[in-house]
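Single-structure report; data block below.
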Amino acid sequence: MKIRLVNQGVFTPIEDINTTLVAPAEGFYWIDADTDDLAVLQPLFALHDLAVEDCLSEEEQRPKIEIYEGHYFIVINSIRFDDEEIFLRALNIFLGRHFILTVTKQKIHELRVLKPILWEEEVTRPDRFLYHLVDIVVDNYFVVGDRIENRIESLEEDILMHTKKSHLNEIIGLRSEILWLKKMLVPQRDVIGTLNKKDLRLVDDQLQKYFGDIYENAVKITETFETYRDLMGNLREAYQSSLSNRANEIMRVFTAITVIFMPLTFLTGVYGMNFDYLPGAHIHGGSYILLSIMVTLGLGMFYLFKKKDWL
């Protein structure tokens with residue numbers, strides 16, 4: 001657990017947790033904690049039991065905002081896209097008048113990125129801290145969205161160039177992750193909409209207008225991932241079409257080969273019969289003449305098929 005006094009974007013470490021119980025003359029306290037620290041933080045800041053239970057729950061938490069006496073409890077999801085897999089990490093936030101608590105189970109990249117922004121913007125209020133944090137989290141969805149779009153384009157190109165059975169697993173896996181992510185984006189958009197429109201006494205009225213800009217970005221992200229879902233459906237159709245075309249191509253080649261060998265098979269069948277007299281059978285060099293006819297016939301049919309683009 002790290003405790004800092006934030007004033008004008010300047011961080012001052014605090015050793016005694018009890019110091020944070022009283023509002024500072026200037027600035028606010030930021031306590032960056034993990035779930036194990038809630039046992040200490042809950043009685044000190046009167047954190048609601050249900051909010052603490054949500055933080056400790058092993059189940060996946062949907063984004064939400066709960067208003068309790070003395071503080072708000074906000075859950076938003078940080079996103080990562082590593083090794084072609086999407087990860088969501090819950091960021092639990094307790095917003096008070098003179099403090100903000102961030103509680104996470106894993107390290108959140110956005111919290112590290114946030115520090116220089118707080119210093120540059122000379123932040124002195126916890127609600128402005130919340131604004132910048134939510135803004136960074138939402139902006140990161142655009143970055144991940146671009147990477148997913150590039151992955152879809154690359155997968156589409158691979159399918160068109162050389163279709164593999166593994167492509168179907170990639171399509172199904174990526175599509176299921178996009179659908180799962182889309183389900184989380186809707187409640188997260190609604191949470192930001194609440195910060196934008198609802199009368200919240202712990203959020204400055206002027207600041208709510210800025211949350212409106214984040215809300216517009218959240219709407220764009222939701223629509224973007226809706227588009228990605230449709231693209232994955234088109235990609236699956238392209239995969240099935242490519243497989244059909246490939247099967248047709250193989251069948252065309254096999255059919256052409258069969259047609260080429262049909263007259264050759266007929267000739268070898270005729271001259272392989274046990275008859276006393278066959279045309280040219282007793283001529284000197286007759287076998288070579290027959291082979292020449294067969295080769296010429298086969299090459300001629302091959303050339304004809306190539307000319308008509310059947311091979």
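Both backbone and side-chain heavy atoms feed into the values below; hydrogens, waters and symmetry mates do not.
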Please answer: with hydrophobic residues joined when any side-chain heavy atoms are less than 4.5 Å apart, are [X] and [Y] in the same cluster?
X    : Y    : result
I148 : F142 : yes
L50  : L91  : no
Y29  : L21  : yes
I67  : V103 : no
V138 : V186 : no

Are any side-chain N or O atoms of [X] and backbone N or O atoms of [Y], one a donor and one an acceptor, separated by less than 3.5 Å?
X    : Y    : result
R147 : F81  : yes
Y131 : V203 : no
N150 : D146 : yes
H48  : Y72  : no

Take the angle between the ring planes of [X] and [Y] and call it parallel below 30°, perpendicular above 60°, tilted in between.
X    : Y    : value
F225 : Y141 : perpendicular
H71  : Y68  : tilted
F129 : W30  : tilted

* To do: Any chance you could lay out the side chain to side chain contact (heavy atoms under 4.5 Å, CB included) test for I100 and V6, step after step, and finish with the verdict?
  => CA-CA 10 Å; I100 188 165; V6 183; over 6 Å; no

What are the two closest non-hydrogen atoms of [X] and [Y], and how far apart are they?
X    : Y    : result
C55  : L38  : CB-CD1, 3.5 Å
P116 : V113 : CD-O, 3.2 Å
G70  : R201 : N-NH2, 3.4 Å
V191 : I65  : CG2-N, 4.0 Å
P187 : P63  : CB-O, 3.7 Å
G27  : N7   : N-OD1, 3.7 Å

For atom [atom1] of [X], is the number of surrounding heavy atoms from other residues, nucleotides or ligands below 6.0 Å larger than 12?
X    : atom1 : result
W180 : CH2   : yes
R89  : CZ    : yes
K2   : NZ    : no

Say you draw a straight line from [atom1] of [X] to [atom2] of [Y]; how long is it, rounded to the nearest 0.5 Å?
X    : Y    : atom1 : atom2 : result
R128 : L118 : CZ    : CG    : 10.0 Å
T20  : I3   : OG1   : CD1   : 6.0 Å
I108 : I79  : CD1   : CD1   : 12.0 Å
I31  : D37  : CD1   : CG    : 9.5 Å
D36  : L56  : CG    : CG    : 8.5 Å
L202 : R125 : CG    : CZ    : 9.0 Å

Does [X] reach the side chain of [Y], with side-chain heavy atoms less than 4.5 Å apart?
X    : Y    : answer
L130 : L195 : yes
L101 : F99  : yes
N18  : L44  : yes
F28  : V123 : yes
D139 : V143 : no
Y210 : L207 : yes
I178 : R175 : no
E26  : Q8   : no

* Asked: So, Q208 and D199: side-chain donor and acceptor under 3.5 Å apart, yes or no?
  ->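 Side chains of Q208 and D199: no pair found under 3.5 Å.
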
List the atom pairs, donor and acceptor, that lie under 3.5 Å between side-chain atoms in residues 213-224 and the rest of the protein, sequence neighbours left out.
{"from": "T222", "atom 1": "OG1", "to": "A218", "atom 2": "O", "distance (Å)": "2.9"}
{"from": "T224", "atom 1": "OG1", "to": "K220", "atom 2": "O", "distance (Å)": "2.8"}

* With sequence neighbours left out, write down each residue that passes salt bridge (charged side-chain N to carboxylate O under 4.0 Å, His left out) with R80, or none if nothing qualifies. =>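 Salt bridge (charged side-chain N to carboxylate O under 4.0 Å, His left out) check on R80 returns D82.
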
* To do: Evaluate side chain to side chain contact (heavy atoms under 4.5 Å, CB included) for V75 paired with E66, printing each intermediate quantity in order.
  => CA-CA 9 Å; V75 180; E66 301 287 350; over 6 Å; no

* List the steps, then state whether side chain to side chain contact (heavy atoms under 4.5 Å, CB included) holds for M1 with L41. => CA-CA 10 Å; M1 177 169 55; L41 296 174; 3.7 Å; yes

* Are F73 and F94 near enough that their ring centres are under 6.0 Å apart? ->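 F73 vs F94: aromatic centres under 6.0 Å.
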
* Stepwise, does the side chain to side chain contact (heavy atoms under 4.5 Å, CB included) test hold for L88 with L181? -> CA-CA 8 Å; L88 290 181; L181 180 58; 3.6 Å; yes

* Under the side chain to side chain donor-acceptor pair (under 3.5 Å) test, residues paired with K182 that sit two or more places apart ->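 E226.
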
